[in-house]
Amino acid sequence: MTAVAVLLLASCSGRDGDDGRVVEGRDWHWDTKAGAVEASAFMNVAVPGDATQAKGAVQVNPQEDVYHLSFVTSEKNAEGIAEDLRPQEPLKARAKDFAPEGERFGHLGLPEPQTLKGARWAGVCPPCVHDDRRKKVQWIEVHVQRLKGDQARVYLQAF
């Protein structure tokens, strides 16, 4: 059993010399021409008209690109966006987690949502819940951070 696991890990971690996106050991980069519009389109998530501070980015990877989107809106809109993703469980609090600085949302000048006290989270596999609106999305997660008043920051990540 251990030998099989070692073989599987070795086969997945080998570097393909023909992959033009791998340069000097770095196998990903940020798409400098993509932002909130591209991330929103991939996720099929509409940024509310009253939203502010909309930011997005696309992390280009050898196997699958990762789309990041964040904005500030009313808490009611944030809840509606999370529900529209059709997660099997509603938004829930998670223990704060460590994330290397700038790993995901740090690229957008934001703290990583999993490091925020009180941020609520939900994740969903759109194909698993038969969400035909998001056929190209394998996984999408949302974090909602309550701000002052009735405002909330929404963090979305999908691949």
Side-chain angles (χ1 to χ4, degrees), residues 12 19-23 26-159:
C12 292
D19 186 353
R21 295 197 287 185
V22 176
V23 179
R26 183 175 173 172
D27 60 353
W28 63 271
H29 66 274
W30 295 103
D31 183 340
T32 58
K33 296 179 183 175
V37 171
E38 291 77 12
S40 174
F42 176 77
M43 296 178 203
N44 196 12
V45 171
V47 175
D50 67 345
T52 61
Q53 303 176 34
K55 299 178 180 189
V58 178
Q59 187 181 41
V60 179
N61 293 291
Q63 293 185 339
E64 57 197 1
D65 298 341
V66 182
Y67 294 76
H68 307 274
L69 178 64
S70 181
F71 51 87
V72 174
T73 188
S74 71
E75 193 161 2
K76 182 179 179 181
N77 283 345
E79 296 276 343
I81 289 165
E83 287 175 19
D84 184 60
L85 297 176
R86 302 180 185 167
Q88 293 179 340
E89 295 184 26
L91 287 169
K92 62 183 176 184
R94 289 174 48 174
K96 283 176 56 173
D97 194 6
F98 170 78
E101 189 174 323
E103 180 180 296
R104 303 182 311 167
F105 288 93
H107 177 73
L108 301 174
L110 299 169
E112 302 300 333
Q114 70 272 29
T115 67
L116 300 170
K117 183 179 180 181
R120 295 174 297 141
W121 172 90
V124 66
C125 163
C128 301
V129 296
H130 308 291
D131 185 352
D132 292 336
R133 301 167 300 161
R134 298 182 176 93
K135 290 180 182 179
K136 295 180 182 178
V137 180
Q138 295 302 308
W139 178 257
I140 188 167
E141 62 183 52
V142 58
H143 285 86
V144 175
Q145 175 195 18
R146 177 178 276 155
L147 302 174
K148 293 181 181 179
D150 181 36
Q151 297 293 293
R153 176 171 291 283
V154 176
Y155 293 85
L156 292 152
Q157 177 179 296
F159 58 86

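Here the structure is a predicted model, which is why all the values come from computation and not from measurement. Reckoned from all heavy atoms, side chains included, excluding hydrogens, waters and symmetry mates.
Taken to the nearest 0.5 Å, the CD atom of Glu38 stands 9.0 Å off from the OH atom of Tyr67. Atom CG of Leu69 and atom NZ of Lys55 lie 12.0 Å apart (nearest 0.5 Å). In this structure, the separation between CD on Glu64 and NZ on Lys136 is 14.5 Å, given to the nearest 0.5 Å. Between Gln138 atom CD and Cys128 atom SG the span is 8.0 Å, to the nearest 0.5 Å. Rounded to the nearest 0.5 Å, atoms CZ (Arg134) and CG (Asp84) are 5.0 Å apart.
Side-chain contact check for Phe71 versus Leu156: some heavy-atom pair is nearer than 4.5 Å. Side-chain contact between Pro126 and Lys135 is absent, with no heavy-atom pair separated by less than 4.5 Å. By the 4.5 Å heavy-atom criterion applied to side chains, Tyr155 and Pro111 are counted as neighbours. Using a 4.5 Å heavy-atom cutoff, the side chains of Phe159 and Asn61 are not in contact. At least one side-chain heavy atom of Arg120 sits under 4.5 Å from a side-chain heavy atom of Glu79.
When all heavy atoms of Ala78 and Val144 are compared, the pair lying nearest together is CB-CG1, 3.9 Å. Contact between Ala39 and Ala57 at its shortest, heavy atoms only, is CB-O, 4.4 Å. The shortest heavy-atom contact between Ala122 and Glu89 is CB-O, 4.1 Å. A pairwise comparison of heavy atoms in His68 and Gln157 identifies CE1-OE1, 3.3 Å as the closest pair. In this structure, Asp131 and Leu85 approach most closely via the heavy-atom pair OD2-O, 4.2 Å.
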Pair up each side-chain donor or acceptor in residues 41-54 with any protein partner under 3.5 Å, not counting sequence neighbours, and list the distances.
from  : atom 1 : to     : atom 2 : distance (Å)
Asn44 : ND2    : Arg133 : O      : 3.1
Asp50 : OD1    : Thr73  : OG1    : 3.3
Asp50 : OD1    : Asn77  : ND2    : 3.4
Gln53 : OE1    : Arg153 : NH2    : 2.4

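Partners of Gln145 under the side-chain hydrogen bond (donor to acceptor under 3.5 Å, both in side chains) rule, at least two apart in sequence or in another chain, do not exist in this structure.
The salt bridge (charged side-chain N to carboxylate O under 4.0 Å, His left out) analysis of residues 141-152, with sequence neighbours excluded, yields the pairs Glu75-Arg146, Arg104-Glu141.
Of the possible polar contacts, none joining the Gln88 side chain to the Val124 backbone as a donor-acceptor pair under 3.5 Å is found.
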